[in-house]
Novice: 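This is the structure, below, for whatever I ask next.
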There are 2 protein chains.
Amino acid sequence: MSGSHPMRKPTQGPKAQTQLRTLERLEAACRTRGRRLTRQRRAVLRALLAEGGALTAYELHERLRVADGRSTPAGVYRALEFWMTAGAVHRLESTRSFILCEHPESPHPGQLLICHECGQVVETEDKGVAAAANRLGERLGFVLDRHPVELTGVCRPCRAQGRAAEPGRRPAT
Amino acid sequence: MSGSHPMRKPTQGPKAQTQLRTLERLEAACRTRGRRLTRQRRAVLRALLAEGGALTAYELHERLRVADGRSTPAGVYRALEFWMTAGAVHRLESTRSFILCEHPESPHPGQLLICHECGQVVETEDKGVAAAANRLGERLGFVLDRHPVELTGVCRPCRAQGRAAEPGRRPAT
DNA sequence: CGCAAAATGATATATTGTATCAATCAGTGT
DNA sequence: ACACTGATTGATACAATATATCATTTTGCG
């Protein structure tokens with residue numbers, strides 16, 4: 001993930017601030033409800049925060065292992081499972097990686113825009129997309145769940161640098 | 001995939017007819033453009049058609065191996081890659097499986113509604129969802145590509161049978 | 001036919017994700 | 001402080017998914 005893409009540097013801008021507050025809120029909320037906030041779980045969340053983007057489970061494992069040699073893949077997956085259940089982490093199916101949720105206080109389903117050139121991920125809560133998806137679901141008898149919708153494409157900086165501009169597909173017809 | 005879910009039986013209704021025509025058209029189109037339509041590629045496409053739903057690469061491998069003991073996972077992945085490039089097969093990221101495209105003649109990005117109870121997949125080309133997604137992309141500087149959008153939920157039959165009705169999430173806050 | 005490009009077969013290996021079970025830890029009541 | 005209980009972890013093994021490599025075979029074409 002971050003090894004294969006020129007991932008954006010984790011800045012200390014207002015976004016990181018927000019995430020930090022979010023982190024504290026999540027940790028507190030978790031503690032007060034009988035769910036345990038353990039060393040390992042905290043470590044996973046903080047590693048994702050420090051990264052500022054998506055990481056695979058094994059990349060997380062590598063990072064945690066530096067500070068705690070006993071970290072295992074299974075442990076990382078357990079912690080990720082815990083945070084996903086809590087709504088604090090999303091899984092990116094299309095890149096098999098994990099990322100902090102930027103709107104953990106909202107119950108709405110969101111969208112994740114993923115640049116397949118640089119790996120950047122932008123999380124949104126677009127009413128239009130959500131409504132259109134729900135209407136479609138209704139029409140076909142599906143009740144959609146709240147996993148964020150993944151939309152892949154190329155972000156502006158990558159287009160500007162000439163990395164893949166075409167929407168592409170259809171070599172056949 | 002089909003082993004773990006009570007997958008719908010492949011019917012011989014009008015849909016299968018359509019798919020069959022589609023199959024022939026694809027095979028022909030492929031042949032006439034310098035791309036090779038080989039035994040293995042044909043076998044993969046036909047196995048997906050026969051299934052009438054999604055299959056993982058290894059499930060496909062199992063099936064092909066019956067008729068041709070030399071089938072390998074690598075070969076299956078290569079054939080799938082070929083058909084995906086041709087727009088004839090979609091990959092379902094959320095279930096790591098593959099399914100025939102039902103609208104291979106259309107260049108529009110589609111949606112895949114996936115029931116996570118029974119595994120059923122419905123492919124659509126909803127203008128509303130597509131437009132909303134593109135607007136969102138524009139707003140954020142992303143040019144979206146044409147991978148179908150995956151929407152997961154529970155289909156009507158599964159809700160009727162009491163399998164999981166709730167949209168669910170948020171045990172935390 | 002004979003060449004070059006495309007595709008395959010065979011094999012190995014990388015990556016991603018779970019299962020199991022004994023040991024440990026954290027909260028609770030005493 | 002102590003023991004009880006359930007949650008969590010550590011350690012290990014393994015399952016499932018996906019790709020790399022390279023020698024060989026097949027195909028299209030002149």
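Sequence lines set the chain letters: A, B, ... in the order given, protein chains first and strands last, and positions in each chain run from 1. Values in this document were obtained by computation on a predicted structure and should not be read as measured data.
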Novice: A:Glu81 has an atom CD; how far is it from atom P of D:dT9, in whole Å?
Specialist: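 Spelled out: CD on A:Glu81 to P on D:dT9 is 13 Å.
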Novice: B:Glu81: which residues meet the side-chain hydrogen bond (donor to acceptor under 3.5 Å, both in side chains) condition with it, sequence neighbours left out?
Specialist: none
Novice: When you measure from the side chain of A:Arg36, which nucleotide among C:dA6, D:dA7, C:dT16 comes out closest?
Specialist: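 Looking only at side-chain atoms, A:Arg36 lies closest to D:dA7.
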Novice: Of the non-hydrogen atoms in A:Phe142 and B:Cys115, which two are nearest, and what is the gap between them?
Specialist: CE2-N, 3.5 Å
Novice: Taking side-chain hydrogen bond (donor to acceptor under 3.5 Å, both in side chains) as the test, write out the residues that go with B:Arg65, two or more places apart.
Specialist: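 Testing B:Arg65 for side-chain hydrogen bond (donor to acceptor under 3.5 Å, both in side chains), a comparison that skips the adjacent residues, returns B:Glu62.
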Novice: Output all residues satisfying side-chain hydrogen bond (donor to acceptor under 3.5 Å, both in side chains) with A:Arg139, sequence neighbours left out; order by chain, then residue number.
Specialist: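 For A:Arg139 the side-chain hydrogen bond (donor to acceptor under 3.5 Å, both in side chains) partners, ignoring immediate neighbours, are B:Asp126.
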Novice: Rounded to whole angstroms, how far apart are NE2 on B:His61 and P on D:dA16?
Specialist: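 So the two atoms are 13 Å apart, to the nearest Å.
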Novice: Please output the side-chain donor-acceptor pairs of residues 149-156 of chain B that fall under 3.5 Å, not counting sequence neighbours, one pair per line with the distance.
Specialist:
from, atom 1, to, atom 2, distance (Å)
B:Glu150, OE1, B:Glu93, N, 3.4
B:Glu150, OE1, B:Ser94, N, 3.0
B:Glu150, OE1, B:Ser94, OG, 2.7
B:Glu150, OE2, B:Glu93, N, 2.7
B:Thr152, OG1, A:Asp145, OD1, 2.7
B:Thr152, OG1, A:Asp145, OD2, 3.2

Novice: Tell me: CG of A:Leu64 to P of D:dT9, nearest whole Å?
Specialist: 12 Å
Novice: Rounded to the nearest angstrom, tell me the gap between atom CZ in A:Arg42 and atom P in C:dA26.
Specialist: 11 Å
Novice: Sequence neighbours excluded, which residues qualify as side-chain hydrogen bond (donor to acceptor under 3.5 Å, both in side chains) partners of B:Gln40?
Specialist: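 B:Gln40 satisfies side-chain hydrogen bond (donor to acceptor under 3.5 Å, both in side chains) with no other residue.
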Novice: By a 5.5 angstrom centroid cut-off and a 30 degree plane limit, is there stacking between A:Tyr58 and C:dT16?
Specialist: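 Taking the rule of under 5.5 Å and under 30°, the ring of A:Tyr58 does stack on C:dT16.
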Novice: Report the distance from atom CZ of A:Phe82 to atom P of D:dT8, rounded to the nearest whole Å.
Specialist: 7 Å
Novice: Distance check needed: C:dA14 P versus B:Tyr77 OH, whole Å only.
Specialist: 17 Å
Novice: Polar-atom pairs under 3.5 Å, protein N or O versus N or O of nucleotides 10-12 of chain D: list them with distances, or write none.
Specialist:
from, atom 1, to, atom 2, distance (Å)
D:dG10, OP1, A:Arg39, NH2, 3.4
D:dG10, OP2, A:Gln40, NE2, 3.4
D:dG10, N7, A:Arg78, NH2, 2.7
D:dG10, O6, A:Arg78, NH1, 3.1

Novice: Expressed as a whole number of angstroms, how long is the span from A:Arg65:CZ to D:dT9:P?
Specialist: 18 Å
Novice: Rounded to whole angstrom units, what separation is found between the CZ atom of A:Arg96 and the C1' atom of D:dT17?
Specialist: 8 Å
